[in-house]
Novice: 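I'd like to ask some things about the structure below.
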Amino acid sequence: MGENFAISISRLFDLVSGEIVGFEALLRWQHPRRGMLGPEEFIPVAEETGLIRELGWWNLREACRQSVNGEQL
């Protein structure tokens with residue numbers, strides 16, 4: 001599944017203290033003809049076809065893997 005999907009990990013900051021309070025993993029699909037697509041373009045299809053759970057788990061695993069390896073942080 002991961003060969004056509006990419007995530008971008010963003011830090012979430014507390015606006016008062018400036019401390020990192022969390023992260024978000026933003027999922028994108030590298031479509032072969034249309035280029036990089038945001039979730040608003042593929043999540044509805046994933047929900048309709050029953051792939052949303054698998055896609056969500058992949059995103060979580062990949063975000064954890066990248067975090068452990070220090071990628072994109």
Side-chain angles (χ1 to χ4, degrees):
M1 173 172 286
E3 63 195 39
N4 293 321
F5 289 94
I7 64 171
S8 174
I9 298 176
S10 298
R11 297 177 197 146
L12 303 175
F13 293 92
D14 181 293
L15 294 177
V16 175
S17 69
E19 294 180 21
I20 297 173
V21 295
F23 297 89
E24 65 180 353
L26 305 172
L27 187 62
R28 302 287 183 259
W29 177 26
Q30 181 63 48
H31 188 277
R33 291 188 309 272
R34 295 176 55 202
M36 195 66 76
L37 302 177
E40 69 280 356
E41 298 190 67
F42 63 85
I43 293 296
V45 175
E47 291 173 334
E48 290 172 15
T49 59
L51 293 174
I52 192 67
R53 183 173 290 210
E54 182 180 348
L55 189 58
W57 280 115
W58 179 86
N59 193 40
L60 178 60
R61 283 191 307 272
E62 182 63 13
C64 292
R65 185 194 69 75
Q66 288 186 21
S67 295
V68 167
N69 292 334
E71 298 174 34
Q72 293 195 28
L73 299 180

Novice: With sequence neighbours left out, write down each residue that passes salt bridge (charged side-chain N to carboxylate O under 4.0 Å, His left out) with R53, or none if nothing qualifies.
Specialist: none
Novice: If I take atom CG from residue L60 and atom CG from residue L27, how far apart are they, to the nearest 0.5 angstrom?
Specialist: 11.5 Å
Novice: Could you tell me which non-hydrogen atom of I9 sits nearest to which non-hydrogen atom of A63, and how far apart they are?
Specialist: CD1-O, 3.8 Å
Novice: Please report the closest heavy-atom contact between A25 and I7, naming both atoms and the distance.
Specialist: CB-CD1, 4.3 Å
Novice: Going through the distances and angles, do E41 and R34 end up as a side chain to side chain contact (heavy atoms under 4.5 Å, CB included)?
Specialist: CA-CA 11 Å; E41 298 190 67; R34 295 176 55 202; 2.5 Å; yes
Novice: Might you point out which heavy atoms bring H31 and R33 nearest each other, and give the distance in Å?
Specialist: ND1-N, 3.0 Å
Novice: Apply side chain to side chain contact (heavy atoms under 4.5 Å, CB included) to residues W58 and E54 and explain how you reach the verdict.
Specialist: CA-CA 6 Å; W58 179 86; E54 182 180 348; 5.7 Å; no
Novice: Hey, mind stepping through R28 and Q30 against side chain to side chain contact (heavy atoms under 4.5 Å, CB included) and telling me if it holds?
Specialist: CA-CA 7 Å; R28 302 287 183 259; Q30 181 63 48; over 6 Å; no
Novice: Is there side-chain contact between F5 and N59, with heavy atoms separated by less than 4.5 Å?
Specialist: no
Novice: Hydrophobic clustering (ILVMFWY, side-chain heavy atoms < 4.5 Å, transitive) - are F23 and F13 grouped together?
Specialist: yes
Novice: If you count heavy atoms of other groups shown closer than 6.0 angstrom to CD of E40, is the number above 12?
Specialist: yes
Novice: Got a second to check how far I43's CD1 is from E48's CD, nearest 0.5 Å?
Specialist: 11.5 Å
Novice: How far apart are the closest heavy atoms of L55 and F42, and which atoms are they?
Specialist: CD2-CE1, 3.8 Å
